[in-house]
J.: 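The structure follows.
Values below: all heavy atoms of this structure, side chains included; hydrogens, waters and symmetry mates excluded.
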Amino acid sequence: MTVSSRGPAVKPARATTQTLAGGAKRTVLPSGLRIVTESIPTTRSASVGVWVSIGSRDETPGMSGASHFLEHLLFKGTHKRTALQISSEIEAVGGETNAFTTKEYTCYYARVLDADLPLAVDVLCDAVADSIMEPADVEVERGVILEEIAMHEDEPGDEVHDVFTEAIFGTHPLGRLISGTEESITPMTRNQIHGFYRRRYTPPHIVVAAAGNLDHATVVRLVRKALAGTALDSGPADPAPPRAGSKRVPTQKPHTVVRNRDTEQGHLVLGGVGIGRRDERRFALGVLNNVLGGGMSSRLFQEIREKRGLAYSVYSYASQYADAGLFGVYAGCAPGKVDEVLDLLRGELERVAVKGVGAEEIARGKGMVKGSYVLGLEDTGSRMSRLAKSELLYGELMSVDELLARVDAVTADEVNEAAAELFSQPMSLAVVGPFDESAFGAHR
């Protein structure tokens, strides 16, 4: 008898499927790529997105803006389709397609009639998996991105948030512009971008999410067919876990940054270091944010706009990442009113930090959080996004009822403790408008 030296035959890895909260389903392919779907039989549309857990914080300083550059280039053509075909095939059936880049992930998505979901899956998977990235296209998109950067600098109400973020995180990747800068985009080569593409866009870091009038098994078959033979049809691997981040993201000492611009308004953001997205206090902070500046009934809106008429736009916000966060309050007003508005912003933050907020305000804040969340799930695109973000960022999908229960469980003590901790710290100030930095010396 001849004994084989090769050992027992190894069975090829198989896809595994499980049911998630609310009846959503999740399949993990042997390559580590994940497919999550939610069936909504009452709709006649479907949304699908290819989500990659790579963003601007994954770039070196010399490659700042590479993720966003790549987002543009993946729609410029594959071995199967030209750039025109990628857009026209979706538009020919009345659908829409687009993409966006954040600091921690990138998304390519389409919304179509349910019958055209196979086309949308094929087009998106083709674009993400098999981009040619012709040198001529790189140069065209370089020009487009440089124009986009210049356009952004002409929008002071947007620029001030970037100035503020940099004031908090400094040279850390979280403090850099998602788009990159003229200095980083201009010398970036096609080979550098292509290398970033192939190193980073791997199956374990990719989630395909879909929601609408669909069948999960069918979507899985469509994805596997679309990716067959591409760089994303690779050997066995485990899905990448949610981004853990570093133990501590370094932040800057509180300071003031002024960008002198010849504008009709002064734009202010005042704030400081916040919390990460896995922090259990995020639910209390969501309630607190709505009380402070989350709507027309909020303290800031009522005090600064309704009572005094000092600003058209005034609000608060919180940004959360895997291992860090920030909070800020924004106002845009006439340059001559900046000092008064800034004093009011500081005063309200101090009052909330010291005295907290009352039961009635907390109840209203909870209602706003719950209402905005549920009403934001009224279309297939938002349902698709919820699936993907839950998988990429948290590694779990909470049911809607569970999320609402978490908000309901927030106590007054939790809200006021968050206010005392966040709003009593020294804060940074970002200003864009017709000012010199010396004008804000008293506010340092």
J.: Looking only at side-chain N and O atoms, does Arg243 offer a donor or acceptor that is under 3.5 Å from a partner on Ser53?
T.: no
J.: Do the ring planes of Tyr108 and Phe75 sit parallel (below 30°), tilted (30 to 60°) or perpendicular (above 60°)?
T.: tilted
J.: So Phe169 and Tyr321, would you call those rings parallel, tilted or perpendicular, with 30° and 60° as cut-offs?
T.: perpendicular
J.: To the closest 0.5 Å, what do you measure between CG (Asp158) and NE2 (His152)?
T.: 5.5 Å
J.: Run the side chain to side chain contact (heavy atoms under 4.5 Å, CB included) check on Met398 and Arg406 step by step: do they pass?
T.: CA-CA 10 Å; Met398 286 190 191; Arg406 295 289 291 275; 3.1 Å; yes
J.: So that I can tick it off, tell me whether Arg277 and Glu104 are bridged by a salt bridge, with the cut-off set at under 4.0 angstrom between side-chain N and carboxylate O.
T.: yes
J.: Using 0.5 Å steps for rounding, measure from the CD1 atom of Ile149 to the CG atom of Asp154.
T.: 12.5 Å
J.: Between Glu421 and Arg281 (salt bridge meaning N to carboxylate O under 4.0 Å), is one present in this structure?
T.: yes
J.: Are Tyr317 and His161 an aromatic pair by the rule of ring centers under 6.0 Å?
T.: yes
J.: Applying side-chain hydrogen bond (donor to acceptor under 3.5 Å, both in side chains), run through Thr230 and Asp130 and close with a yes or a no.
T.: CA-CA 7 Å; Thr230 71; Asp130 198 33; over 6 Å; no
J.: Look at Lys370 together with Asp408 and state whether they make a salt bridge at an N to O cut-off of under 4.0 Å.
T.: yes
J.: I need the minimum non-hydrogen distance between Ile178 and Ser56, along with the two atoms involved.
T.: CG1-OG, 3.6 Å
J.: Among side-chain atoms of Thr106 and Glu71, is any donor-acceptor pair under 3.5 angstrom?
T.: no
J.: Do Thr27 and His216 meet the criterion of a side-chain donor-acceptor pair at a distance under 3.5 Å?
T.: yes
J.: Check whether any side-chain N or O of Asn416 sits under 3.5 Å from a backbone N or O of Asp413 as a donor-acceptor pair, and report yes or no.
T.: no
J.: Decide, yes or no, whether a salt bridge links Glu153 with Arg261 under the criterion of side-chain N to carboxylate O below 4.0 Å.
T.: no
J.: Between Thr43 and Asn213, is any side-chain donor less than 3.5 angstrom from a side-chain acceptor?
T.: no
J.: Classify the ring geometry of Tyr201 against Tyr197: parallel below 30°, tilted from 30° to 60°, perpendicular beyond 60°.
T.: perpendicular
J.: For side-chain hydrogen bond (donor to acceptor under 3.5 Å, both in side chains), just list the numbers for Tyr373 and Arg386, CA-CA rounded to whole Å, side-chain angles, deciding distance to a tenth of an Å, and then say yes or no.
T.: CA-CA 10 Å; Tyr373 180 75; Arg386 171 176 174 262; 2.7 Å; yes
J.: Between Phe423 and Phe327, what is the ring plane arrangement, given parallel below 30°, perpendicular above 60°, and tilted in between?
T.: tilted
J.: Could you tell me if Arg57 and Tyr105 have a donor-acceptor pair between their side chains, going purely by distance under 3.5 Å?
T.: no
J.: Between Arg176 and Glu166, is the closest basic N to carboxylate O distance under 4.0 Å?
T.: no
J.: Determine whether the side chains of Glu59 and Ser67 contain a donor N or O and an acceptor N or O closer than 3.5 Å.
T.: yes
J.: Just by distance, no angles: are the side chains of Thr218 and Arg221 close enough, under 3.5 Å, to form a donor-acceptor pair?
T.: yes
J.: Between Lys80 and Asp122, does at least one N-O distance fall below 4.0 Å, as a salt bridge requires?
T.: yes
J.: Are Glu141 and Lys76 close enough for a salt bridge, meaning some N to O gap below 4.0 Å?
T.: yes
